[in-house]
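Counting begins at 1 with the first residue of the sequence.
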Amino acid sequence: MTGVRVERVRDVGLITGESSANRTGSRFGVYGTDLGILWDNGNGEVLMAFGDTYGAAWAGNGSGPDHADWRFNVLAGSTTTDLAGGLAWYPVVTRTDGVAAQVLDGDPAVGHEATVIPTSGIAVDGVNYLHYMSVARWGPPGHWRTNHGGVAVSHDHGRSWSRPRSARWPNRERRTGLFGRRPHPFQLGAFARQDPYICLMGTPHGRFGAGSLARVDQQSVLDVDAYHYWTGRNWVPGDPFAATPVLAGPVAELSLQYNTFCRAWLAMHLDEHRAAVVLRSAPELTGPWSERTVVVSGRDYPGLYGGFLHPWAANGPDVYFTLSQWGPYNVRLMQATVTLPLSHVKMPAVRDHGIRS
């Protein structure tokens, strides 16, 4: 299927790091970080969740040493509406010393957690939910092993969080055939609202899996037993492995958004094989999803990843998204102008009034 066209892309500028307009290093102790997951918290703010974060003792590429004030994750807010000029950091969840705080802590009951990284956020009736992955160990580039994928919850607009055990998908494989094994399809996730449900597009650990779809009643986001999974024909309860992939891999760092201008769902994600952040579209979350359109290439931004859509830019051709780079290890705001070919747009039905020539 032919999908979105990208007319032009603009680098708005860094939003993290000391060289950014936000000066997050000297102000909040954020000299290096990544991801920048965005969602509307329902309180007039867009929240931004970041991954592994480091202080002044680390200014290199990628992850740094533990002693560099390493935090698994940090969270900031923004009320910026004119995104063409950048994305301001305020407010920020901080420690007593004013430095950005770790908001999702490790769970000693899990065993070894290399880190706890957010993957998507959503708010429902004033309650905020943050999907995260509990990383057990890192492997070669693009590969890692998770303990589980889970959902954290905040009842104070994102200022404090808990990780209930009822909201975890343990990372267990399932045998397929005599020798095959399927990794758990819901270790990373991207939330989307499709009333009366909250939908979750899940992928396995690492960057090479496909996207599978689940949905749940809006009041049951923290109950994994309440989720139903799309088989390609219907929704079935209880079994994540019943989900048939709807978004062909490789899919990593996925975000979803319904764009009213395009009248289509947009999926932005890293394509590790292409070393590019790509955009795809579909009339429904269940698909069919279009082929990939490259938005930003690693030739222009080496070591790129992420691609998280801003929720306040979903009603026009100009979409904004965060982009991470391994080096320099920080996050910038990007803008892309998109259009859909006429064949992709849902046209209203023409009523036959009985007029004949």
Any side-chain to backbone donor/acceptor pair from S290 onto S281? Under 3.5 Å, distance only.
yes
State which residues pass salt bridge (charged side-chain N to carboxylate O under 4.0 Å, His left out) with R137; sequence neighbours excluded, sorted by chain then number.
none
Backbone N or O of V4 within a donor-acceptor pair of the T293 side chain at under 3.5 Å?
yes
Less than 3.5 Å apart, any donor N or O on the side chain of N73 or Y132 sitting next to an acceptor on the other?
no
Residues R159, E45; criterion salt bridge (Lys or Arg N to Asp or Glu O under 4.0 Å); working and verdict
CA-CA 12 Å; R159 275 49 179 178; E45 298 170 343; 3.1 Å; yes
List the steps, then state whether salt bridge (Lys or Arg N to Asp or Glu O under 4.0 Å) holds for D271 with R274.
CA-CA 5 Å; D271 182 327; R274 288 177 170 83; 2.6 Å; yes
Please verify the inter-ring angle class for Y54 with W70; under 30° counts as parallel, over 60° as perpendicular, anything in between as tilted.
parallel
Under 3.5 Å donor-acceptor, N171 side chain and G149 backbone:
no
Verify the distance criterion only: is there a donor paired with an acceptor across the side chains of S134 and N147 at less than 3.5 Å?
yes
Evaluate Y227 against F186 for ring-ring contact (aromatic ring centres under 6.0 Å, His included), listing each step before the verdict.
CA-CA 11 Å; Y227 282 73; F186 289 88; 8.0 Å; no
Cationic N near anionic O, under 4.0 Å, D40 to R193:
no
Can any side-chain N or O of E253 pair as donor or acceptor with the backbone N or O of F308 at less than 3.5 Å?
no
In terms of ring plane angle, is the pair W89 and F50 parallel, tilted or perpendicular, where the classes change at 30° and 60°?
tilted
Between the side chain of T16 and the main-chain N/O of V331, is any donor-acceptor distance below 3.5 Å?
yes
Given 3.5 Å as the limit, does a donor-acceptor pair link the side chain of S154 with the main chain of S160, or not?
yes
Indicate the atoms forming the closest heavy-atom contact of L309 with L256, along with that distance.
CD1-C, 4.4 Å
Compare all side-chain heavy atoms of Q325 with those of N330 and state whether any distance is below 4.5 angstrom.
no
Using the side-chain hydrogen bond (donor to acceptor under 3.5 Å, both in side chains) rule, pick out the option among R172, H205, Q187, R163 that qualifies with H148.
R163
Side chain T322, main chain G36, donor-acceptor under 3.5 Å
yes
Without swapping roles, check the side chain of S324 against the backbone of L35 for a donor-acceptor pair under 3.5 Å.
yes
Would you check if the side chain of N259 reaches a backbone N or O of G316 as a donor-acceptor pair within less than 3.5 Å?
yes
Does Y197 have more than 12 heavy atoms from other residues, nucleotides or ligands lying within 6.0 Å of its OH?
no
Hey, is the main chain of E113 close enough, under 3.5 Å, to the side chain of T115 for a donor-acceptor pair?
no
Using 30° and 60° as the class boundaries, would you call the ring planes of F208 and H273 parallel, tilted or perpendicular?
tilted
Which label fits W265 and Y258: parallel for a plane angle under 30°, tilted from 30 to 60°, or perpendicular past 60°?
perpendicular
Any side-chain heavy-atom pair of V246 and L285 under 4.5 Å:
no
